[in-house]
Protein chains: 2
Amino acid sequence: MKNGMRKKATIYDLSVLSGSSPSTVSAVLNGTWRKRRIKEATAALIRELAEKYQYTANRQAQGLRSSRSGLVGLLLPVHDNRYFSSMAQTFEAHVRSKGQCPIVVSASRDPQEERETAATLISYSIDELFICGATDPDGVHEVCEKAGLKHINIDLPGSKVPSVISDNYEGGRMLTEAIIRQFPADKPLAPEELYLFGGRNDHASHERIRGFRAVKRDLLAGDPDICIQTTGYSPNNTRLAFEAFYEREGRLPRALFVNSSINFEGFLRFMAGHPHETFSEMVVGCYDYDPFASFLPFPVIMIRQDIESMLAKAFEVMKEPRPAPTVHMIRPELIKPRTALAGPLDALKDID
Amino acid sequence: MKNGMRKKATIYDLSVLSGSSPSTVSAVLNGTWRKRRIKEATAALIRELAEKYQYTANRQAQGLRSSRSGLVGLLLPVHDNRYFSSMAQTFEAHVRSKGQCPIVVSASRDPQEERETAATLISYSIDELFICGATDPDGVHEVCEKAGLKHINIDLPGSKVPSVISDNYEGGRMLTEAIIRQFPADKPLAPEELYLFGGRNDHASHERIRGFRAVKRDLLAGDPDICIQTTGYSPNNTRLAFEAFYEREGRLPRALFVNSSINFEGFLRFMAGHPHETFSEMVVGCYDYDPFASFLPFPVIMIRQDIESMLAKAFEVMKEPRPAPTVHMIRPELIKPRTALAGPLDALKDID
DNA sequence: TCTCTTTGCACAATCGATAGTGCAAATACT
DNA sequence: AGTATTTGCACTATCGATTGTGCAAAGAGA
């Protein structure tokens, strides 16, 4: 085995070594050789040489010629959050199983960055783009459309192409009901004791709030507007909202519906400044699941969005030739307090 | 603005539109035009047309010609964990600021998958590879070396190229000492009451354990071997180890050093099966930081690895022409219980 | 043996950008 | 005016693969 060759082997190298033409080598190595009526023996020889010289196709050349790169993009708001990183993990498995290469990037929930990032991915001729949690899905759509790039929305719906989202209304209902039922019948919750914090002017927040209000009116017979505090998705703004509330009221609400784990982090920041006892009587529901959050010192009810099903559906829809711009809703799951779910990590073999 | 053109504009299109040759267009748009003595007016015209027709260079063609793709790879064990997803987030910011495109993939801590994944990235002619937490860094090294790809190790060191890692010995010491000091002088910890769970036969685990034992011997004057339970990185194996311990001893150790947040998830699974009181008296130290874990019902002391500094150092070393295979150690930070740190998320603007 | 078909492969154009080279026109200089 | 420079750009090969087309040699059929 003579190593040390600086440059990678190409079909031209193998062509010389095998005595066949580059096109023959190409056909053998990309699987189209039967169609081209290449002799089995020729193919075998070339495969052997390819093995010996560790040939791997140059994807840029392939992509240039075929205008398909084998790259599949996932556009996320951010990486460092269990929801989105689980999304990345599951996405990667899907893409790799199709023999393609995942490329996951984040665009900070900024409409312009979303469009520019999409454009960058397009310049690499990615084959498909999954747009997850975009602030402006239709803006990204335009960029993709113009480049003839197939794309789909996840988590937040757009209007031009199919979307696969969590059933936020139903999830909001489930979570609200679970929060209310967490209180014993002899100390029931009053309507003004259940607050929702977080979220902003996006579809997911709207639907969750709609579910929240519906159940609240049903079960608690009341729903004061003051109980909805949309703080955006910034942890710090969320913290400020809690500080303001606490300042005003001298206490926290008995029950809390937190719009996302990112808002929950804002709550943590508030917690850091206040003693344990402040929280001892409260119940929190959070739309998103995080294993550590599930074990906090007060009951935390969580909603786990069914990432696997959402992505499975998205990949399925992606396979259709010209899918209608339908919104597919996937029912999320209610997770009771103190629950440690298995995740993608569990698929790993662990040696040593 | 006449839209609707299916295919993207190329330098040939602009060449026709501008009346210049493709090479002139290319030079103007890639910035080498002054060197080529192109008239300012010609350049202006071409730039204007490029703007109008929304030209963006085809990176595959560029890459094929120049054998540089503008892609920079990060190889992770897994995505869905705060440590690695923060790594991805910070990495992405660095790469984007250099005008390149990040490509983050995971290889499940499996040596063969690590090598194959590196090979895949190489087939896309990535410019650099950051190998993070690889089980077999030197195996990946061989693949990169053979392809002439510049690379560096992060988190776990290799022997052939530079590595930037957390100072695990010092971190292990800091964490152990903090755990011990968490106990009041009148109820001090005995050597056999402090256990370490998690980790395996890797450099990071070894160093953390070395730090653990050194401090334990110093402060507690004893260090029984039984107190080290290496369970690997699987949450489930970790849970089993705790179950076994509990079965045997009828209780948990008073103090715990958990090797990583992934092992901590195994502890969560154990917690799910046991009532609150089981943990009320204990102190846990975890090597890794997770904001939610920091607020669990018992004191959790955490180590935050300094991801920003590690990556900053890695990118700095990467710039050197032929860096020596040194191991650079970055001191991690001790995080006291109930601490919610700001993260990369805080850089986001939040509108609405 | 001679035509007809099938087999097996080589040739050459192409994808979109880059960079070395060469050459006419414009300008400078004597 | 005549030569020497400089300016401004076009030409062309190249990166590594894909694919439509063409053609010689081998085999089949009469």
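All values derive from a computational prediction rather than experimental measurement. To find a chain, count down the sequence lines: A is the first, B the second, and so on, and within it residues start at 1.
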Qualifying ring-ring contact (aromatic ring centres under 6.0 Å, His included) pairs, either residue in residues 10-30 of chain A, two or more places apart: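 ring-ring contact (aromatic ring centres under 6.0 Å, His included) check on residues 10-30 of chain A returns no pairs.
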side-chain contact (heavy atoms from CB on, under 4.5 Å) against B:Ala204, all qualifying residues, sequence neighbours excluded: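 Here the qualifying residues are B:Leu156, B:Asn168, B:Asp202, B:Arg208.
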side-chain contact (heavy atoms from CB on, under 4.5 Å) involving B:Leu49 - partner list, sequence neighbours excluded: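 Scan of B:Leu49 (side-chain contact (heavy atoms from CB on, under 4.5 Å), adjacent residues dropped) gives B:Leu14, B:Leu17, B:Ser18, B:Leu45, B:Tyr53.
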Result block: side-chain N/O donor-acceptor pairs under 3.5 angstrom for residues 313-328 of chain A, not counting sequence neighbours:
from	atom 1	to	atom 2	distance (Å)
A:Thr326	OG1	A:Ala324	O	3.3

Verdict with reasoning, A:Gln62 to A:Arg59, per side chain to side chain donor-acceptor pair (under 3.5 Å): CA-CA 5 Å; A:Gln62 266 185 331; A:Arg59 307 293 305 242; 3.2 Å; yes
Touch class at under 4.0 angstrom, heavy-atom based, for B:Ser20 against every strand present: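 Sugar-phosphate: the residue B:Ser20, judged by heavy atoms under 4.0 Å, touches backbone atoms but no base.
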Length of the line joining [X]:[atom1] and [N]:[atom2], which is rounded to integer Å:
{"X": "A:Arg68", "N": "D:dT19", "atom1": "CZ", "atom2": "C1'", "result": "16 Å"}
{"X": "B:Asn58", "N": "D:dG16", "atom1": "CG", "atom2": "C1'", "result": "14 Å"}
{"X": "B:Ile11", "N": "D:dC11", "atom1": "CD1", "atom2": "P", "result": "13 Å"}

In chain order, what residues pass the side-chain hydrogen bond (donor to acceptor under 3.5 Å, both in side chains) check against [X], with sequence neighbours excluded?
{"X": "B:Glu48", "value": "none"}
{"X": "B:Ser86", "value": "none"}
{"X": "A:Asn58", "value": "none"}
{"X": "A:Ser23", "value": "A:Ser21"}

Nucleic acid contacts - residues 24-42 of chain B versus DNA chain C, non-hydrogen atoms under 4.0 Å: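 B:Ser26, B:Asn30, B:Arg36 - these, ordered by number, are the residues of the stretch whose heavy atoms sit under 4.0 Å from the strand.
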Residue mapping more 5' on DNA chain D - nearest nucleotide basis, B:Arg65 or B:Ser21: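 With B:Ser21 and B:Arg65 compared, the 5'-side residue is B:Ser21.
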A:Glu116 with B:Arg96: basic N within carboxylate O range, under 4.0 Å: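 So A:Glu116 does not pair with B:Arg96 through a salt bridge.
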Non-neighbouring partners of A:Glu114 that pass salt bridge (charged side-chain N to carboxylate O under 4.0 Å, His left out), sequence neighbours left out: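 Expected list: none.
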Start and end of chain B contact along DNA chain C [non-hydrogen atoms, under 4.0 Å]: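 Going 5' to 3' along DNA chain C, contacts run C:dG16 to C:dT21.
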Contact under 4.0 Å: A:Thr10 side-chain N or O vs D:dG16 OP1/OP2: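 So the side-chain polar atoms of A:Thr10 never come under 4.0 Å of the phosphate oxygens OP1 or OP2 of D:dG16.
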Axial bend angle, the helix from C:dT1-D:dA30 to C:dT30-D:dA1: five-pair end segments, nearest 10°: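 End-to-end axis angle for the helix from C:dT1-D:dA30 to C:dT30-D:dA1: 50°, rounded to 10°.
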